[in-house]
Number of protein chains: 2
Amino acid sequence: MSLRYALLGIISKRRVTGYDVVHIFKQQMVHFWGSTHSQIYTELHKMEKEELVDHELVIQESSPNKKIYSLTDKGRKELIRWAIEEPLKSAKIKDEFLIKTTIFPILTHKEVLTLLDEVIERERITLEKTEAWRDHFKQDNKQDLGALLTVEYGIRYAKMYIEWCQWAKSLIEKGTTN
Amino acid sequence: MSLRYALLGIISKRRVTGYDVVHIFKQQMVHFWGSTHSQIYTELHKMEKEELVDHELVIQESSPNKKIYSLTDKGRKELIRWAIEEPLKSAKIKDEFLIKTTIFPILTHKEVLTLLDEVIERERITLEKTEAWRDHFKQDNKQDLGALLTVEYGIRYAKMYIEWCQWAKSLIEKGTTN
DNA sequence: CGCGCCATGTAAGCAGTTACATGATTCC
DNA sequence: GGAATCATGTAACTGCTTACATGGCGCG
């Protein structure tokens with residue numbers, strides 16, 4: 001049910017199409033939520049039936065027609081109700097690499113270090129992109145507190161991950177087994 | 001499909017029942033994976049059909065009978081193949097609180113600070129429990145590298161979350177809006 | 001006498017992923 | 001000529017959650 005509130009949140013800020021939302025998920029929300037176009041379009045239809053959003057059809061010549069969504073009063077009220085009344089559920093994380101971590105003892109020294117280096121590199125790239133996005137975003141002076149806080153979260157998360165990997169490496173390099 | 005490898009990983013370390021696995025998920029894997037007994041029992045059945053695990057039935061008097069699982073050769077090979085050959089997929093996170101964060105600008109100053117304090121408290125409790133578990137675990141001198149690394153990850157994650165919340169609070173308290 | 005622990009399972013429903021489907025325009 | 005971008009949608013499937021279902025034992 002939370003995808004719904006993520007969508008309501010995005011629509012509350014600016015006039016967007018389903019297509020725009022897909023990109024906002026990819027650029028700004030990667031660090032804490034994921035979704036695909038098929039799920040997003042479906043949820044938007046459901047929400048429209050329940051009168052939480054409505055749309056305006058824009059006819060275009062050189063590209064396909066599009067639907068620009070906006071919140072209804074009911075939608076806005078429901079979003080705020082959820083935010084302040086609905087009890088907090090803790091994050092659900094599915095991190096494959098941590099599963100691999102649990103079986104480090106049955107892998108060789110070399111295999112483990114290769115895996116760790118791959119992850120460090122992946123996170124380093126993510127960190128770089130996220131920092132670039134934050135800087136670009138700050139220059140725009142957009143004053144979107146929500147976005148500012150969540151990018152910062154993304155940056156801190158990536159840094160933590162890299163530091164943890166480096167700590168793991170040093171611990172493994174110290175050990176003599178395998 | 002990753003639940004399967006999480007299960008294979010657990011079974012590779014010790015002789016466990018489905019019931020034990022449920023508790024291992026709750027105690028040691030909360031930080032990076034979640035599952036429920038219904039999904040676990042179902043997956044164990046599937047894996048047994050595919051001959052990745054087998055079980056030994058233990059008849060008990062004062063409690064229900066139980067099935068103790070162990071890896072087959074095929075299971076162990078498949079686990080290692082997955083760990084070193086299967087390309088890394090990045091973590092999938094679903095964090096409701098970060099969705100709430102994106103709409104901070106449409107909430108009042110007070111509502112936002114209440115939410116942040118709730119989360120800080122929740123994470124503080126998690127951190128305390130996780131640190132207690134690590135210390136207890138280190139005293140046992142269990143030498144399980146995988147578990148040592150993942151608890152440490154849990155601790156670092158919780159600390160990062162708390163620090164980020166505190167940074168957010170200071171940023172909001174500095175601001176005069178709302 | 002009720003709650004929690006041990007221990008297993010099935011069924012129904014919802015959430016999320018991948019594949020199928022279309023089609024013009026723009027850029028290389 | 002091929003790939004990427006814009007823009008929307010449906011269908012099939014897998015993964016995950018919640019509810020249903022059983023039953024003895026020990027503790028307060």
Side-chain angles (χ1 to χ4, degrees), chain A residues 1-8 10-11 15-27 29-30 32-50 53 55-69 87 89-96 99, chain B residues 1-8 10-11 15-27 29-30 32-50 53 55-69 87 89-96 99:
Chain A
M1 268 287 96
S2 300
L3 171 64
R4 157 160 310 196
Y5 298 102
L7 295 174
L8 288 173
I10 292 168
I11 300 170
R15 307 177 84 242
V16 282
T17 65
Y19 187 84
D20 294 331
V21 172
V22 175
H23 289 272
I24 292 169
F25 269 99
K26 274 189 202 155
Q27 284 159 29
M29 304 179 73
V30 223
F32 59 95
W33 209 273
S35 195
T36 52
H37 81 274
S38 67
Q39 206 189 355
I40 289 164
Y41 285 119
T42 311
E43 188 63 33
L44 284 170
H45 294 322
K46 274 193 217 165
M47 284 159 73
E48 194 155 27
K49 262 185 204 160
E50 295 175 40
V53 296
H55 79 264
E56 181 197 333
L57 187 69
V58 177
I59 313 288
Q60 295 184 127
E61 298 140 38
S62 57
S63 37
N65 296 340
K66 60 184 179 182
K67 295 179 176 177
I68 294 175
Y69 284 91
K89 282 177 211 151
S90 48
K92 279 171 197 174
I93 302 174
K94 301 264 154 153
D95 192 337
E96 267 201 351
I99 297 179
Chain B
M1 266 288 97
S2 301
L3 171 63
R4 157 161 309 195
Y5 298 102
L7 295 174
L8 289 173
I10 293 167
I11 300 170
R15 307 178 82 242
V16 282
T17 64
Y19 187 84
D20 294 331
V21 172
V22 175
H23 289 273
I24 292 168
F25 269 97
K26 275 189 204 157
Q27 284 159 29
M29 304 179 75
V30 221
F32 60 95
W33 208 271
S35 195
T36 51
H37 82 275
S38 67
Q39 207 189 352
I40 290 163
Y41 286 120
T42 310
E43 189 62 33
L44 284 170
H45 294 322
K46 275 194 216 163
M47 285 159 74
E48 193 155 26
K49 263 187 203 160
E50 296 175 41
V53 295
H55 79 264
E56 180 196 333
L57 187 68
V58 178
I59 313 286
Q60 295 185 129
E61 299 140 35
S62 58
S63 38
N65 296 338
K66 60 185 180 182
K67 294 178 175 177
I68 294 176
Y69 284 91
K89 283 177 209 152
S90 48
K92 278 172 197 171
I93 302 175
K94 301 263 153 152
D95 192 338
E96 268 202 348
I99 297 179

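So you know, we letter chains A, B, ... as the sequences are listed, proteins then strands, and number each from 1.
- When DNA chain D is scanned 5' to 3' for any atom under 4.0 Å from a heavy atom of chain B, the first and last hits are D/dG15 to D/dC25.
- For the pair A/Lys94 NZ and C/dG16 P, the computed distance is 11 Å after rounding to whole Å.
- Closest approach of B/Ile99 to A/Ser2, counting heavy atoms only: CD1-O, 3.8 Å.
- Distance check, rounded to the nearest 0.5 Å: CG of A/Leu3 to CZ of A/Phe25 gives 5.0 Å.
- Taking CD of B/Glu56 as the reference point, atom NZ of B/Lys66 lies at 10.0 Å (rounded to 0.5 Å).
- Here the shortest heavy-atom pairing between B/Asn65 and B/Ile59 reads OD1-CA, 3.3 Å.
- One can place NE2 of B/His45 at 16 Å from P of C/dA7, the figure rounded to the nearest angstrom.
- If you take CD on A/Glu96 and CH2 on B/Trp33, they are separated by 6.0 Å, rounding to the nearest 0.5 Å.
- B/Glu48 is linked by a side-chain hydrogen bond (donor to acceptor under 3.5 Å, both in side chains) to B/His55, counting only residues two or more places apart in sequence or in another chain.
- Comparing B/Gly18 and B/Lys92 by the nucleotide of DNA chain C whose heavy atom lies nearest to each, the residue mapping closer to the 5' end is B/Gly18.
- Between the C1' atom of C/dG16 and the CD1 atom of A/Ile93 lies a distance of 18 Å, rounded to the nearest Å.
- Atom CD1 in A/Ile40 sits 9.5 Å away from atom CD1 in A/Ile24 (nearest 0.5 Å).
- If one axis is set at each end of the helix from C/dC1-D/dG28 to C/dC28-D/dG1 from five pairs, those axes are 40° apart, to 10°.
- The CD1 atom of B/Ile10 sits 10.0 Å away from the CG atom of B/Asp20 when rounded to the nearest 0.5 Å.
- Nearest heavy atom pair, residue B/Gln60 against residue B/Pro64, reads NE2-O, 2.7 Å.
- In this entry the distance linking CD of B/Glu43 with P of C/dT10 reads 14 Å, nearest Å.
- Contacts of A/Ser90 classified as side-chain hydrogen bond (donor to acceptor under 3.5 Å, both in side chains), with partners at least two apart in sequence or in another chain: none.
- Between A/His23 and A/Tyr19, the angle of the ring planes lies from 30° to 60°, which puts this pair in the tilted group.
- Within residues 33-41 of chain B, the residues approaching DNA chain D are B/Thr36, B/Ser38, B/Gln39, by heavy-atom distance under 4.0 Å.
- Taking all atoms of both residues into account, the shortest heavy-atom contact from A/Lys94 to B/Gly34 is NZ-O, 3.0 Å.
- Using a 4.5 Å cut-off on side-chain heavy atoms (C-beta onward), B/Thr17 and B/Lys67 make no contact.
- One can place CD1 of B/Ile59 at 13 Å from C1' of C/dT8, the figure rounded to the nearest angstrom.
- Neither OP1 nor OP2 of C/dC6 sits under 4.0 Å from any side-chain N or O of B/Gln60.
- Rounded to whole angstrom, the span from the CD1 atom of B/Ile99 across to the P atom of C/dA15 amounts to 13 Å.
- Straight-line distance from the CE atom of B/Met1 to the C1' atom of C/dT18: 15 Å, rounded to whole Å.
- Note on B/Tyr19: a side-chain N or O is less than 4.0 Å away from OP1 or OP2 of C/dC6.
- Remark: B/Tyr5 OH to B/Met47 CE distance equals 9.0 Å, nearest 0.5 Å.
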(request) Using a 4.0 Å heavy-atom cut-off, write out nucleotides 22-28 of chain C from 5' to 3' as B (base contacted by protein), S (sugar-phosphate only) or - (no contact). (result) -B-S---
